[in-house]
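Heavy-atom basis, side chains included; hydrogens, waters and symmetry copies ignored.
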Amino acid sequence: MASRQTARAVLVLLAPFAIQACATKGFVRDQVSIARVESDSALARERDARMQGDTENAARIAALRTDLDSLRTQFGARIAVVEDGIRFAMPVTFGFDDATVGSDDRVMLERFSRVAQRYYPGSTITVEGFADPAGSTQYNLGLSQRRADNVAQTLATLGLNRQQLRTVGYGKTRLIAPTASRDQPGAEKNRRVVFVIETGAAEATTVASLQ
C-alpha cells in the first residue's frame, strides 16, 4: 500500500515536468515551422525582386539602344566605347576663330542632354574642345577651351547638372582633317567638341554590346 502511494506521489510530482516537456517540444516545432515559412517567403521575395530587376534592366537596355540609334541616325553621332566610359562625337562644330554655339546645334545638344540625364545622372561628363591647325598652339588651346566651356554651359541650360560637367581644351591636336584650316574643306570637322561619359567598365561593356 505504501509503495503504491509513493509511486502515485512520484507521478504527481513528475507530471508538470512532462507537461512542460511536451509544451517545449510543441513550441520548438511551431517555431521551426514558422522559420521555414518565413525562409520560403524570403526566398520568394528575393526571387521576385531578382526577376523584376532583370525585367527592368532589359527594358533599360532596350530603351538605351533606341536612344543611341536615334543619335546615330538623326544626328550622325559616332559613339565608341573607351576605357571605363563612352565617347560621343556629335557633329557640333564652330566657325573659324569662333567659340559660339550655333542655334542649329542646340537640337543635338538637347537630345544628348536628355540621354545623359536619363541613363547617366551621376556620371562625370567631359566636354573636349578642339581647333583647326591655323594659329599658334597657345592660342588654339584657349580657343578650344572656350568652345568646351560654352558647350558645357549650353548643356547646363538644357538640364544637365553643371557639377557633372568638366571641360578641357586640346587645341589643334587629334585633327580629323590634318591640313584643313580656315575655310578649307573639312576644317569644320577639326573645330568641334567631343563628349566622354565616365560610366565604369560594366556600363561600357553593355554599350559595346549594342554597337
Side-chain angles (χ1 to χ4, degrees), residues 67-68 70-117 119-201 203-205 207-208 210-211:
D67 284 337
L68 294 184
S70 176
L71 289 176
R72 293 189 184 98
T73 56
Q74 288 188 251
F75 303 108
R78 298 191 307 278
I79 303 169
V81 175
V82 295
E83 184 178 1
D84 293 348
I86 308 168
R87 176 181 289 124
F88 291 77
M90 305 286 290
V92 179
T93 59
F94 301 84
F96 175 69
D97 197 23
D98 187 14
T100 303
V101 178
S103 57
D104 293 341
D105 293 332
R106 287 185 64 88
V107 176
M108 288 182 286
L109 292 174
E110 183 179 9
R111 182 67 62 82
F112 173 80
S113 175
R114 289 207 303 266
V115 170
Q117 290 178 71
Y119 301 104
Y120 312 107
S123 298
T124 297
I125 302 172
T126 300
V127 184
E128 301 177 342
F130 297 89
D132 71 32
S136 68
T137 296
Q138 193 62 35
Y139 181 83
N140 278 317
L141 283 173
L143 178 60
S144 63
Q145 182 67 53
R146 291 196 298 277
R147 287 170 174 164
D149 290 340
N150 289 345
V151 169
Q153 184 57 41
T154 300
L155 289 173
T157 64
L158 293 172
L160 271 178
N161 184 349
R162 188 63 179 86
Q163 300 303 313
Q164 285 183 254
L165 300 167
R166 61 182 295 267
T167 61
V168 59
Y170 286 106
K172 52 185 175 180
T173 63
R174 289 160 51 182
L175 297 172
I176 294 177
T179 61
S181 63
R182 300 180 185 273
D183 59 353
Q184 295 175 338
E188 73 283 352
K189 296 179 181 179
N190 294 325
R191 302 188 293 261
R192 68 195 192 281
V193 291
V194 172
F195 308 109
V196 177
I197 302 180
E198 297 178 12
T199 61
E203 182 69 21
T205 300
V207 172
L210 302 179
Q211 301 295 329

Could you tell me whether the side chain of [Y] reaches within less than 4.5 Å of the side chain of [X], counting heavy atoms only?
{"X": "Tyr139", "Y": "Asp97", "answer": "yes"}
{"X": "Arg192", "Y": "Arg174", "answer": "yes"}
{"X": "Phe112", "Y": "Leu158", "answer": "no"}
{"X": "Phe96", "Y": "Asp183", "answer": "no"}
{"X": "Gln117", "Y": "Leu160", "answer": "yes"}
{"X": "Phe130", "Y": "Ile176", "answer": "no"}
{"X": "Phe94", "Y": "Asp132", "answer": "no"}
{"X": "Met90", "Y": "Leu71", "answer": "yes"}

Donor-acceptor check, side chain of [X] to backbone of [Y], threshold 3.5 angstrom: yes or no?
{"X": "Asn140", "Y": "Ala134", "answer": "yes"}
{"X": "Arg147", "Y": "Thr93", "answer": "no"}
{"X": "Asn190", "Y": "Pro133", "answer": "no"}
{"X": "Lys172", "Y": "Gly135", "answer": "yes"}
{"X": "Gln164", "Y": "Pro121", "answer": "yes"}

Against Phe195, only a single residue in Ile86, Val151, Thr126, Ile79 fulfils side chain to side chain contact (heavy atoms under 4.5 Å, CB included); can you say which?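 The passing option is Val151.
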For Gln153, the option from Asn150, Thr157, Leu155 that meets side chain to side chain contact (heavy atoms under 4.5 Å, CB included):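 For Gln153, the side chain to side chain contact (heavy atoms under 4.5 Å, CB included) check succeeds only for Thr157.
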Distance-minimising heavy-atom pair for [X] and [Y]:
{"X": "Ala152", "Y": "Leu165", "result": "O-CD1, 3.4 Å"}
{"X": "Leu141", "Y": "Gly171", "result": "CD2-N, 3.7 Å"}
{"X": "Arg162", "Y": "Ala156", "result": "CD-CB, 3.8 Å"}
{"X": "Glu128", "Y": "Ala148", "result": "C-CB, 4.4 Å"}
{"X": "Gly186", "Y": "Ala177", "result": "O-CB, 3.7 Å"}
{"X": "Ala180", "Y": "Pro185", "result": "CB-O, 3.4 Å"}

Heavy atoms of other groups near Arg78 CZ, more than 12 under 6.0 Å: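 No, not enclosed.
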CD/Glu110 to CG/Asp105 distance, rounded to the nearest 0.5 angstrom?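 CG of Asp105 is found 13.0 Å from CD of Glu110.
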Hey, what do you get for OG1 (Thr73) to CG (Leu68), rounding to the nearest 0.5 Å?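 That separation rounds to 10.5 Å.
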